[in-house]
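Below: the structure, in structure tokens.
Here is how names work: the chains are called A, B, and so on, in the same order as the sequence lines, proteins then strands, and each is numbered from 1.
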There are 2 protein chains.
Amino acid sequence: MATGRTHRPATRSRGIPEATVARLPLYLRALTALSERSVPTVSSEELAAAAGVNSAKLRKDFSYLGSYGTRGVGYDVEYLVYQISRELGLTQDWPVVIVGIGNLGAALANYGGFASRGFRVAALIDADPAMAGKPVAGIPVQHTDELEKIIKDNGVSIGVIATPAGAAQPVCDRLVAAGVTSILNFAPTVLSVPDGVDVRKVDLSIELQILAFHEQRKAGEETAAGTGALPAAAPRGTAAADDSTDQGPDGDVPAVMPA
Amino acid sequence: MATGRTHRPATRSRGIPEATVARLPLYLRALTALSERSVPTVSSEELAAAAGVNSAKLRKDFSYLGSYGTRGVGYDVEYLVYQISRELGLTQDWPVVIVGIGNLGAALANYGGFASRGFRVAALIDADPAMAGKPVAGIPVQHTDELEKIIKDNGVSIGVIATPAGAAQPVCDRLVAAGVTSILNFAPTVLSVPDGVDVRKVDLSIELQILAFHEQRKAGEETAAGTGALPAAAPRGTAAADDSTDQGPDGDVPAVMPA
DNA sequence: GAATGTGAACTCGTTCACAGCC
DNA sequence: GGCTGTGAACGAGTTCACATTC
């Protein structure tokens with residue numbers, strides 16, 4: 001997905017593959033759980049199972065970070081938690097703003113997984129004046145007018161967009177203009193941003209559509225399947241399928257589009 | 001010298017690459033927008049721009065579906081909308097249940113992107129008896145006890161899990177036992193499912209962590225941990241942890257523990 | 001002339017298998 | 001003996017570039 005033109009030689013610094021980066025949070029979560037149970041060490045095999053990947057991949061991933069394991073023994077849980085956290089930048093505190101406090105925005109504001117990992121919801125922003133001042137997840141909602149000031153006062157570099165599709169691009173533009181350089185977009189629309197700004201998107205309906213595709217496949221080889229017709233017919237056979245891409249949680253991230 | 005685990009004869013001719021499947025919904029959305037504006041045809045170039053991919057990739061993707069374009073002209077919008085919808089299985093009606101009607105579950109229930117694409121929320125299910133009967137998005141919440149009955153009566157094959165992490169696996173097991181074969185998991189946990197069941201996961205905090213990784217990288221690139229010369233992007237907490245060295249923290253691990 | 005469709009080259013990611021160390 | 005770390009083989013996905021068709 002070429003980030004713009006030939007700007008950066010890409011792999012310049014210590015290039016950790018993007019696929020590996022996307023799995024680090026997964027490992028971190030599994031490790032955190034082990035840490036809470038005071039497990040001192042894990043083998044790649046055990047940790048891989050807990051994270052839902054295979055062990056060769058995990059070892060390869062860790063090898064990009066350095067040699068943090070001990071042969072014959074495994075990995076020290078606490079140490080690895082720290083190393084991965086540091087690599088991901090979670091030893092810092094990241095102030096985040098959420099724009100668009102509808103159902104989804106509120107869900108995000110309440111989501112515990114943020115605070116526990118170095119993210120701090122610095123502000124909630126909504127365009128509806130009626131929302132202003134109302135507390136959501138204990139944080140008073142502020143009006144969009146304040147957006148630029150909030151970003152600057154709090155040194156916010158990460159913004160979350162949970163607005164309706166139509167509002168997303170303008171909001172995005174304002175966030176970027178105010179200094180935000182990373183955006184997590186929940187609105188079902190393609191955002192365009194200048195070079196140097198990262199966008200990740202999460203699209204709820206896309207995920208369902210991908211499931212539907214596979215579900216349809218499973219439902220049997222309905223050859224014709226033509227124009228219309230086909231009454232939804234509860235497909236619940238045990239079509240044990242051949243098409244196993246491994247099992248379980250495929251290491252597939254919901255699409256990235258750095259721009 | 002067989003490699004050992006040859007499951008199936010390479011790729012079936014019908015096999016559409018997973019990466020392509022993941023982009024079809026993107027194309028579909030762009031096409032739907034064009035369709036609403038009554039645009040009759042698009043070139044791969046235009047459509048690619050609207051979907052946020054490059055045109056070579058788009059053409060390659062479409063080539064897996066068949067030859068639906070016209071050289072020298074482009075693609076017929078309506079026709080392509082139909083073909084992609086059919087390929088994704090969206091010409092059918094997919095009843096879906098959402099389990100866990102907290103903030104997120106409610107957001108999902110209200111999300112318009114589902115209904116508009118062949119997904120119908122057949123039921124909302126929650127473990128809290130106090131929720132039972134309360135309407136969310138116009139649909140009365142039902143108690144978990146009813147889960148199996150609901151799945152069977154409605155022929156549901158796709159389930160959405162929006163419960164807390166601890167409840168996810170048991171709910172998953174029940175869904176699968178009742179006949180669900182595709183699961184969209186929002187709970188921050190790895191689900192294990194039998195062969196033949198697809199799981200996709202959406203993890204909000206993982207996405208943020210990936211952004212943090214890149215954000216940290218940007219900050220280290222510009223200034224060498226200098227005088228906070230960054231635009232507005234200077235995160236809190238002093239950039240002590242630059243990735244220049246990976247010296248062992250020998251004992252004092254700055255635990256980044258969740259609450 | 002214009003734009004699709006696609007082999008071929010290339011890049012990225014995964015898996016294998018085993019050397020190296022505890 | 002057990003487990004990590006990693007080069008090498010393999011496979012998936014992307015990009016190139018051009019023959020092909022309208």
Side-chain angles (χ1 to χ4, degrees), chain A residues 1-6 9-11 15-24 26-27 40-49 51-77 79-80 83 243-247 249-253 255-258, chain B residues 1-13 15-24 26-27 40-49 51-77 79-80 83:
Chain A
M1 257 160 231
T3 315
R5 320 313 121 174
T6 32
T11 35
I16 297 179
E18 194 52 37
T20 294
V21 172
R23 281 187 295 264
L24 292 181
L26 226 54
Y27 301 142
T41 60
V42 261
S43 68
S44 62
E45 203 71 54
E46 294 164 331
L47 183 53
V53 304
N54 74 49
S55 63
K57 197 185 287 185
L58 177 142
R59 286 200 304 278
K60 184 66 121 180
D61 284 343
F62 286 177
S63 80
Y64 294 118
L65 309 184
S67 293
Y68 294 149
T70 308
R71 292 168 202 240
V73 179
Y75 299 93
D76 181 279
V77 172
Y79 185 55
L80 204 47
Q83 289 298 344
D243 174 42
S244 58
T245 44
D246 209 13
Q247 46 83 244
D250 218 327
D252 219 289
V253 253
V256 222
M257 41 158 292
Chain B
M1 308 263 120
T3 14
R5 41 187 302 103
T6 334
H7 267 297
R8 57 188 156 147
T11 333
R12 286 178 309 205
S13 52
I16 298 178
E18 195 51 38
T20 295
V21 173
R23 281 188 294 267
L24 291 181
L26 225 55
Y27 302 143
T41 60
V42 259
S43 67
S44 61
E45 203 71 56
E46 295 164 329
L47 183 54
V53 304
N54 75 48
S55 63
K57 197 185 288 186
L58 178 144
R59 288 201 301 280
K60 185 65 123 179
D61 284 342
F62 286 177
S63 80
Y64 293 117
L65 309 184
S67 292
Y68 294 150
T70 307
R71 290 167 203 240
V73 179
Y75 299 92
D76 181 278
V77 172
Y79 185 55
L80 204 46
Q83 289 298 346

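At the heavy-atom level, B/Phe62 lies nowhere under 4.0 Å from the strands shown.
Distance, B/Leu58 CG to C/dG5 P: 10 Å, rounded to whole Å. Computed from coordinates, the B/Leu65 CG to C/dT6 P distance equals 11 Å when rounded to whole Å. In this structure, B/Glu45 places its CD atom 8 Å from P of C/dT4, rounding to the nearest Å. Taking atom CG on B/Leu47 and atom C1' on C/dA3, their separation rounds to 13 Å, with Å as the unit. Taking atom CZ of A/Arg23 as the reference point, atom P of C/dC12 lies 15 Å away to the nearest angstrom. D/dA12 atom P lies 21 Å from atom CD of A/Glu18, rounded to whole Å. Atom pair A/Ile16:CD1 and C/dC12:C1' shows a separation of 16 Å (rounding to whole Å applied). Between the P atom of C/dT6 and the OH atom of B/Tyr68 lies a distance of 12 Å, rounded to the nearest Å.
The ring-ring contact (aromatic ring centres under 6.0 Å, His included) search around B/Phe62 returns B/Tyr27, B/Tyr75, not counting sequence neighbours. Considering only residues two or more places apart in sequence or on other chains, B/Ala49 meets the side-chain contact (heavy atoms from CB on, under 4.5 Å) condition with none of them.
For the pair A/Thr70 and C/dC22, the criterion of a side-chain N or O lying under 4.0 Å from OP1 or OP2 is not met. The side chain of B/Lys57 contributes no N or O atom lying less than 4.0 Å from OP1 or OP2 of D/dG13. In terms of phosphate contacts, B/Lys60 brings no side-chain nitrogen or oxygen within less than 4.0 Å of OP1 or OP2 of D/dT14. A close approach under 4.0 Å does occur between a side-chain nitrogen or oxygen of B/Tyr75 and OP1 or OP2 of C/dG5. OP1 or OP2 of C/dT4 has at least one side-chain nitrogen or oxygen of B/Ser44 nearer than 4.0 Å.
When distances are taken from the side chain of B/Ser67 to each of C/dG5, D/dT14, D/dG5, the shortest belongs to C/dG5. Of all nucleotides listed (D/dT14, C/dA17, C/dT4), C/dT4 comes nearest to the side chain of B/Arg59. Distances were taken from every side-chain heavy atom of A/Ala56 (C-beta onward) to each of C/dC16, D/dG5, D/dC3; the shortest belongs to C/dC16. The side chain of A/Asn54 lies closest to C/dT15, out of D/dG13, C/dG13, C/dT15.
Annotation for A/Arg23 and A/Asp61: closest pair NE-OD2, 2.7 Å, computed over non-hydrogen atoms.
Under the side-chain contact (heavy atoms from CB on, under 4.5 Å) rule, A/Leu47 has a single partner from A/Leu58, A/Val77, A/Val53, which is A/Leu58.
For C/dT4, the base has a donor-acceptor partner in the side chain of B/Arg71 [N/O atoms by modelled type, under 3.5 angstrom].
Annotation: the span from B/Thr41 atom OG1 to B/Glu46 atom CD amounts to 7.5 Å, rounded to 0.5 Å.
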